[in-house]
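Chain letters run A, B, ... following the sequence lines, proteins first and then strands; every chain starts at 1.
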There are 2 protein chains.
Amino acid sequence: MAAESMSLLGLEKTSLRQQALAALRRAITTGELAPGTHLVETELSETLQISRGTLREAMRELQQEGLISAGARGRLSVRHLDAKEIRDIFSVRAALESLAACELCALEDRASVIKELRAAIDEMAEAAEDGLEGRIEADLNFHRTMCRLTGNETLLHSWRSLEGNIRMSIMFAGLERAVRNMDVKRHSDIVDALETGDAAKATETIGAHMEGAASVLVG
Amino acid sequence: MAAESMSLLGLEKTSLRQQALAALRRAITTGELAPGTHLVETELSETLQISRGTLREAMRELQQEGLISAGARGRLSVRHLDAKEIRDIFSVRAALESLAACELCALEDRASVIKELRAAIDEMAEAAEDGLEGRIEADLNFHRTMCRLTGNETLLHSWRSLEGNIRMSIMFAGLERAVRNMDVKRHSDIVDALETGDAAKATETIGAHMEGAASVLVG
DNA sequence: AACAGAACAACTGTCAACAGTCGTTCCCGG
DNA sequence: CCGGGAACGACTGTTGACAGTTGTTCTGTT
């Protein structure tokens, strides 16, 4: 059906479920669907032009991702975050990324890892002009890359399941405030620590970074 | 329909989806469904006496939980863990539980927390005669309780999404070997550290516990 | 005017059926 | 004997419809 968006090389036939999942995730994390909004299956399925069954599958994933929460009687609505929850999210995030840093420090050959991370930081710098969304994307990409490079799939998976919540936190605080955390130097410090292989320093840097970030967001 | 299992006080109307979810989770984590088994929707829906749509929703949750993985063409099968993945899982677990310990240590009034944790340990001791499954249940309950008592919902959620994998790891190694990690004293040490409020010592104890546990499992 | 009760409407839970796709088997021509 | 291809079978992707439940509104009675 949808022959659109199929790059010949990256052969990605994406199911309706995945499209719906991506669309909903985006709508929620950009605020298009405001927190607290009741997600009525019949409405949404009509809007997205898919059947309820297909939609429901996507909703289950969103639910487990923490973007939508179940109220009474299976009623689903967009999750609402308060300040404490944001701090909690960033605590867990710090723990995961600290582990990532430790594992990277324990690697024998960190050269290629460092190189890739520096590339990610360069992209952040380039994205500085691209507007707010681009910077956020680049920032998340850096942190996700760090988790991915450990080769610890479970770690990456856990981080990913937090990514939606992180995006919601950013939206909650407002983009202008959030970009204050996207400083290039702060991220360079992390990579510098990784390069020396000093795990303690790396985790400390990340912990400080996250604590600061959470404080900025809940302001 | 199923008026069974409805204690008047604990009003639990459980949907078919949740029942299927629980049944599948149990079947997988007990080895009843061996790793690598292809999960054919039509077969399973017939076995469980539910429709495919309902089953599919449950399968999505299992998938995101990491218990089943998608092969080519949406074909789902029971996930197979190797030694490295088990170590990875326990690394992440250690990171999460260390965070839990830190947050508990930071609490002003830890008395009630300590009390509840000691109660959980007592249950472990009592379960010692109840057979292998009971001991594992009690052990997981202790660690889950620790995460829950932090009040950090995100942390608890992340830990929960790891629980299935932990159970699979235990099954992978075999119950006899796994129960070697269920030592009461090892857990008492953790609570002792928490009681003193020494976060560094608590995280260290947990880290050692997890590393040891992983080693025993992959041994 | 206040209230009980009945029709109504809005949703979610669940199901059975259709459509599309990929691997497999079997047959036929070389 | 062997290779191409056509029919077949086995699944998953997707859909529309039915059933049950809960909140709501409207009406009739006191």
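Among the heavy atoms of the strands lying under 4.0 Å from A:Thr42 is at least one base atom, whether or not backbone atoms are also near.
Near DNA chain D, defined here as any heavy-atom distance below 4.0 Å, the residues from residues 65-74 of chain B are B:Arg73, B:Gly74, listed numerically. Within residues 43-61 of chain B, the residues that have a heavy atom under 4.0 Å from DNA chain D are, in order of number, B:Arg52, B:Arg56, B:Arg60.
At whole-Å resolution of the value, CG in A:Leu21 and P in D:dT14 are 12 Å apart. Atoms CG (B:Leu16) and P (C:dA16) sit 12 Å apart, rounded to a whole Å. Atom C1' of nucleotide D:dC11 and atom CD of B:Glu41 are separated by 8 Å, given to the nearest angstrom. In this structure, the CG atom of A:Leu76 is 7 Å from the P atom of C:dT12, given to the nearest Å.
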*Dump the intermediate steps for side chain to side chain donor-acceptor pair (under 3.5 Å) on A:Ser158 and A:Ser161, then the final yes or no.*
CA-CA 5 Å; A:Ser158 291; A:Ser161 74; 5.4 Å; no

_As a quick check of understanding, evaluate salt bridge (Lys or Arg N to Asp or Glu O under 4.0 Å) for A:Glu65 and A:Arg25, giving each step before the final call._
CA-CA 10 Å; A:Glu65 231 173 272; A:Arg25 190 151 39 200; 2.6 Å; yes

*Run the numbers on B:Arg118 and B:Asp122 for salt bridge (Lys or Arg N to Asp or Glu O under 4.0 Å), then give the verdict.*
CA-CA 6 Å; B:Arg118 294 231 187 267; B:Asp122 288 345; over 6 Å; no

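You'll find the side chain of B:Val191 reaches within 4.5 Å of the side chain of B:Ile114, heavy atoms only. B:Arg177 is listed as a side-chain neighbour of B:Val216, based on a closest heavy-atom distance under 4.5 Å.
Looking at which nucleotide of DNA chain D each of A:Arg75 and B:Arg75 is closest to, the 5′-most match is held by B:Arg75.
Considering only side-chain atoms of A:Val40, the nucleotide from D:dG13, C:dT12, C:dT14 that sits closest is C:dT12.
Considering B:Asn141, B:Asp139, B:Thr145 in turn, B:Asp139 is the only one that fulfils the side chain to side chain contact (heavy atoms under 4.5 Å, CB included) rule with B:His143.
Looking at every heavy atom in both residues, A:Ala70 comes nearest to A:Gln63 through CB-NE2, 3.5 Å. Between B:Leu81 and B:Glu85, the shortest heavy-atom contact is CA-OE1, 3.4 Å.
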